[in-house]
Amino acid sequence: MTTHSPYRRAFLKQVATGTGLTLGLTLLPKSTAVAAAQSADSHLAPNVFIAVTADGTVEITCHRSEMGQQIKTAITQIIADELDADWQRVVTLQADGDKKYGDQNTDGSRSVRRNLARLQMAGATAALLLKQAAAKGWQVNAEDCECKDHKVVHTPSGKRVDFADIVAVAATLPLPEEGLVKPKARQDWRYVGKAVRSVDMEKIISGTTTFGQDMAVENMLYAVIQRPPVMFTQPESVDDKQTKNIAGVVKVLQMPTASAPANFAPLGGVAVLADNTWSAMQGADALVVTWSKNTHNTYNSEAEKKTLIETAAADGEIVRQRGDASAALKKAQKTVSATYYAPLLAQAPMEPPAALAKVSNDTAEIWTSTQNPQATQAIVAEVLKIPPENVTVHVTLLGGGFGRKAKPDFAAEAAWLAREAGRPVKVIWRREDDIQHGFYHTVSAQHIQAGLDSKGNTVAWKHNTVFPTISSTFSTEANSPSSGELRLGFIDNPFDIPNLQLEKGKAENHVRIGWLRSVANVYHAYAIHTFADELAYAAGVDSKAYLQQLIGKPRHIDLAKEGAEYDNYGDPIEDYPIDTGRLLAVLEKATAMADWENRKKQQRHLGVAAHRSFLSYVATVVEVDVDKDGNWAIPNAYICIDAGTVVNPDHVKAQCEGGAIYGLSCAIGEISAQDGAISQTNFHNYQVARIQHAPKNIEVHIVDSNAPPGGVGEPPTPPFAPALANAIFAATGQRIHELPIPLKLTV
Amino acid sequence: MITFTLNNQTQSYSGDPQMPLLWYLRDAAGLTGTKYGCGMALCGACTVHIDGDATRSCRLPMAAVADKRITTIEGLDEKNAHPVQIAWAENDVPQCGYCQSGQMMQAAALLSANPSPTDEEIEQSMSGNICRCGTYPRIKKAIKAAAGSEKA
Ligand code: FES
Ligand code: FES
């Protein structure tokens with residue numbers, strides 16, 4: 001272990017004296033420390049993200065979870081670029097959950113925006129050490145050297161040496177002062193900004209990737225759990241006679257009872273453990289359980305809808321105010337109002353949640369498809385009552401996440417069962433479990449009123465948003481929208497309207513509420529942009545022109561001036577202003593791509609929306625065809641995204657395509673409850689977009705930008721539903737005031 | 001006991017004849033390329049070829065595979081170079097990849113029955129395969145690309 005000692009000592013000393021790199025690199029990674037023992041001094045590991053092995057292989061560690069957004073590829077591109085590494089000699093590893101990496105919670109569209117600069121520094125540090133090592137051997141100045149194609153080149157003399165031949169020396173050098181580390185200039189980028197193919201491609205096409213559902217270890221049991229149909233109820237009686245008669249069933253275990261607040265804890269229920277998945281599934285089906293009742297048993301979506309709509313129509317609690325909207329409404333030439341309702345949704349990632357746990361006295365090893373490995377450590381530790389550092393979380397590939405897998409209750413279930421069973425246990429969520437026991441995208445009702453002056457300008461806007469809050473999952477007190485949710489496309493309303501009043505209203509939760517791709521932006525953008533279109537018609541103005549008018553002049557919006565609480569997705573407003581110029585630019589581009597101006601001549605029915613979220617700007621134009629029976633289809637969608645600096649344009653394009661189709665699913669899907677239990681069970685009654693529903697053609701334009709990177713995974717989702725709703729209005733004259741949109745409209 | 005061919009190898013099975021093929025593949029044979037997504041023949045993640053036809057393995061009892069020829073994604077092509085696999089890589093189709101074994105198996109079966117499908121035929125054939133990541137536009141493109149290549 002100490003064969004690495006000269007470097008390690010120097011490194012630790014630097015950490016101790018505070019002169020080390022401030023990249024959150026406080027410890028040598030365990031894996032590289034172990035590898036170093038095998039490879040003597042020849043292993044360079046200047047930080048937790050990079051190791052260069054004796055044969056010159058560059059090992060890059062991805063500390064964020066891969067769920068289809070291609071972050072593994074992006075991180076590899078960023079680091080390999082700084083080293084000017086040969087792509088064939090780079091391998092990408094997936095990090096375990098560990099604080100040493102800093103934040104690993106892969107949500108909020110922040111993997112690139114929070115890590116680009118940091119990983120460039122990490123890569124440039126390794127590059128500098130290699131240059132210094134070569135320079136030492138040649139007795140030249142390191143400043144005269146550069147990394148070129150996996151070699152260090154001395155520019156004046158043309159001398160070159162492969163990384164493999166200088167790793168041993170580089171590994172003995174002290175870490176450079178941060179000021180000396182200079183990431184590449186943009187014009188020198190080799191991989192960043194290029195359409196590099198996914199690093200997992202070969203494995204995916206050959207079916208050899210490993211997801212949480214695919215994990216297996218020796219002596220493992222498979223578990224399927226019958227969870228309480230109504231939140232926080234518990235089994236009153238369990239008849240497992242039939243279950244135990246099923247071949248392969250090994251054990252039936254009653255899970256501990258859950259109580260409010262839900263947090264990430266297991267929901268409880270009865271687990272069937274078997275020696276294969278099929279027996280566990282059959283065993284769970286064969287259980288006869290009677291459940292206790294509680295107040296949530298009275299929950300019915302139909303009744304709740306009425307309540308939410310009434311609350312939205314009443315006065316709410318004001319959260320942002322400019323001018324005097326009530327007075328302006330009274331004086332207005334014309335008033336328009338509408339109520340928008342959107343139901344619960346399930347994230348329904350293609351891979352239902354799954355986790356494998358192996359537990360000993362005071363340690364646990366978990367393999368799971370988690371978006372949040374450190375939260376997984378924490379909840380497993382809590383359930384097993386052991387310290388979090390004794391929990392190792394291996395992150396598998398995720399078969400989609402969309403927010404669901406940021407809540408690792410499934411890993412906690414596996415850990416608890418593995419301890420009880422005394423054997424490794426893999427918990428498999430069936431699709432029915434996923435649909436019926438999720439952390440749902442919340443149900444919402446919104447009421448908007450606007451006043452128009454004699455010229456058709458909107459002079460007053462009053463918007464009340466009402467929904468059970470995500471905070472209710474973490475606190476029993478929470479019963480009204482949290483500021484975290486209001487910041488998602490509501491309080492940051494970009495419209496230049498002199499009298500603006502934004503309000504929120506109370507709502508009770510009866511299911512676990514969680515986040516889903518772009519979260520509250522989904523329903524806020526739906527209501528705001530559908531209403532904007534209604535105003536355009538009320539004013540007799542073209543929808544795009546009216547939207548431009550509502551957005552107003554290019555400017556930076558200062559919400560603090562209006563006393564509104566806004567955290568700008570956790571990033572400084574100076575670096576990432578709310579820039580209506582960029583919003584107008586994507587609107588202009590998307591409508592130009594769609595040939596908006598000529599749509600009427602061409603008898604095409606288009607709808608548009610433009611929304612800023614996760615520090616990026618997306619405008620979407622949807623084209624709809626409706627046949628005489630009311631069936632609709634989407635021949636085209638046009639998307640323009642301004643996400644600032646992008647790492648991989650092809651993958652950004654893929655996120656725009658996928659994000660749009662996810663937005664479509666949000667517009668046609670519905671989860672509802674009856675007597676406290678979720679009514680939907682599987683894909684026959686939970687509608688998601690299939691290939692025939694998806695746009696036949698999606699055109700994407702990425703704005704070429706040097707601005708700091710914004711989010712990419714989520715921003716394409718919110719504008720889709722309103723653009724679709726507006727296109728349907730253009731085609732049929734029917735306003736979509738309520739989601740889901742039926743696949744067959746009444747004509 | 002039943003026997004069948006799995007990716008060109010003869011296999012036998014004497015367990016529960018009602019167990020769906022999917023769980024034999026994943027739990028017993030260790031072929032996890034075939035995925036579970038719904039268990040109700042609603043999503044296509046578990047698609048394999050039975051005597052060349054695309055079939056949902058989650059609803060196919062082991063009893064039904066006696067004497068049949070089963071091909072999974074792992075056995076689609078020795079070199080993983082089936083025209084569909086090549087087209088999938090070249091068009092960077094997969095996002096998370098979870099649905100893609102099923103998509104490729106469905107697409108391969110489509111192309112062997114219909115070497116140059118129209119857009120509508122593609123939609124029809126692929127409508128049982130859900131992709132929550134929304135890779136549908138690229139799936140279409142890749143199927144057309146594969147159709148244009150010789151081997152298909
Ligand atoms: S798992 Fe077989 S079709 Fe979904
Ligand atoms: S690629 Fe993720 S579900 Fe299809």
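Predicted, not measured: the structure shown is a model, and the values here were computed from it. Within every chain, numbering begins at 1; the chains are lettered A, B, ... in the order of the sequence lines, protein sequences first and strands thereafter.
With chain B as the partner, the residue from Gln347(A), Arg517(A), His693(A) showing the most heavy-atom pairs under 4.5 Å is Gln347(A). Ranked by heavy-atom pairs under 4.5 Å with chain A, the list Leu31(B), Ile86(B), Asp27(B), Asn129(B) is led by Asp27(B). Options Ala89(B), Gly15(B), Pro94(B) differ in how many heavy-atom pairs under 4.5 Å they form with chain A, and the most are formed by Ala89(B). Between chain A and the residues Lys35(B), Met126(B), Lys141(B), the largest count of heavy-atom pairs under 4.5 Å involves Lys35(B). Between chain B and the residues Thr210(A), Asp200(A), Ile661(A), the most heavy-atom pairs under 4.5 angstrom are made by Ile661(A). Taking Asn276(A), Thr277(A), Leu664(A), Asp434(A) one by one and counting their heavy-atom pairs under 4.5 Å with chain B, the maximum is reached by Thr277(A). Chosen from Gly39(B), Cys133(B), Pro137(B), Gly33(B), the residue pairing most often with chain A at heavy-atom distances under 4.5 Å is Cys133(B).
Both the backbone and the side chain of Lys653(A) come within less than 4.5 Å of a heavy atom of chain B. For a residue to count as touching a neighbouring chain, one of its non-hydrogen atoms must lie under 4.5 Å from one of that chain's; by this rule Tyr24(B) does not touch chain A. Of the two parts of Gln100(B), only the side chain, counted from C-beta on, holds a non-hydrogen atom closer than 4.5 Å to a non-hydrogen atom of chain A. For chain A, the nearby parts of Asp92(B) are the backbone and the side chain; heavy atoms of each come within less than 4.5 Å. Ala247(A) does not touch chain B: none of its heavy atoms, backbone or side chain, sits under 4.5 Å away. The parts of Ile204(A) that come within reach of chain B are both its backbone and its side chain, each placing non-hydrogen atoms under 4.5 angstrom from that chain. Heavy atoms closer than 4.5 Å to chain B are found in the side chain of Met201(A), but not in its backbone. With a 4.5 Å cut-off on non-hydrogen atoms, Gln69(A) does not touch chain B at all. Contacts between Ala216(A) and chain B at a heavy-atom distance below 4.5 Å are absent for every atom of the residue. In this structure, chain A has no heavy atom under 4.5 Å from any part of Asp119(B). Proximity to chain B is limited to the side chain of Ile698(A), based on heavy atoms less than 4.5 angstrom apart. Residue contact with chain B, scored on non-hydrogen atoms closer than 4.5 Å, is absent for Lys203(A).
Shortest non-hydrogen contact noted between Pro352(A) and Gly37(B) is CG-O, 4.4 Å. For Arg132(B) against Ala348(A), the heavy-atom pair with the smallest separation is NE-O, 2.9 Å. Scanning both residues, Ile205(A) and Trp88(B), for their nearest heavy atoms gives CG2-CB, 4.0 Å. The minimum heavy-atom distance between Gly97(B) and Phe211(A), with the atom names listed, is C-CZ, 4.0 Å.
Other residues, nucleotides and ligands contribute over 12 non-hydrogen atoms within 6.0 Å of the CD atom of Glu121(B). Enclosure of atom CG in Asn8(B) is not indicated, since only 12 or fewer non-hydrogen atoms of other residues, nucleotides or ligands lie within 6.0 angstrom.
Atom OH of Tyr98(B) sits about 12.0 Å away from atom CG of Leu397(A), to the nearest 0.5 Å. Taking CD of Gln692(A) as the reference point, atom CD1 of Ile122(B) lies at 13.0 Å (rounded to 0.5 Å). The line from CG of Asn91(B) to CG of Asp650(A) is 9.0 Å long, rounded to the nearest 0.5 Å. Interatomic distance, Met350(A) CE to Cys38(B) SG, rounded to the nearest 0.5 Å: 7.0 Å.
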Quiz prompt | Verdict with supporting geometry, Asp16(B) and Gln282(A), side-chain contact (heavy atoms from CB on, under 4.5 Å) | solution = CA-CA 12 Å; Asp16(B) 179 0; Gln282(A) 278 188 304; 4.1 Å; yes
Quiz item: Arg690(A) and Ile130(B): side-chain contact (heavy atoms from CB on, under 4.5 Å), yes or no, with the steps?
Solution: CA-CA 6 Å; Arg690(A) 293 175 180 269; Ile130(B) 296 174; 3.4 Å; yes
Self-check item: side-chain contact (heavy atoms from CB on, under 4.5 Å) between Met40(B) and Thr681(A), intermediate numbers included
Solution: CA-CA 11 Å; Met40(B) 285 182 69; Thr681(A) 52; 5.7 Å; no
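For Phe402(A), the ring-ring contact (aromatic ring centres under 6.0 Å, His included) criterion is met by Tyr662(A), not counting sequence neighbours.
Contacts between residues 101-110 of chain B and chain A, defined by a heavy-atom separation under 4.5 Å, are made by Ser101(B), Met104(B).
Under the side chain to side chain donor-acceptor pair (under 3.5 Å) rule, Gln95(B) has a single partner from His651(A), Gln70(A), Gln655(A), Glu66(A), which is Gln655(A).
No donor-acceptor pair under 3.5 Å is formed between the side chain of Tyr36(B) and the backbone N or O of Gln213(A).
In this structure, the side chains of Asp214(A) and Arg26(B) come closer than 4.5 Å at one or more pairs of heavy atoms.
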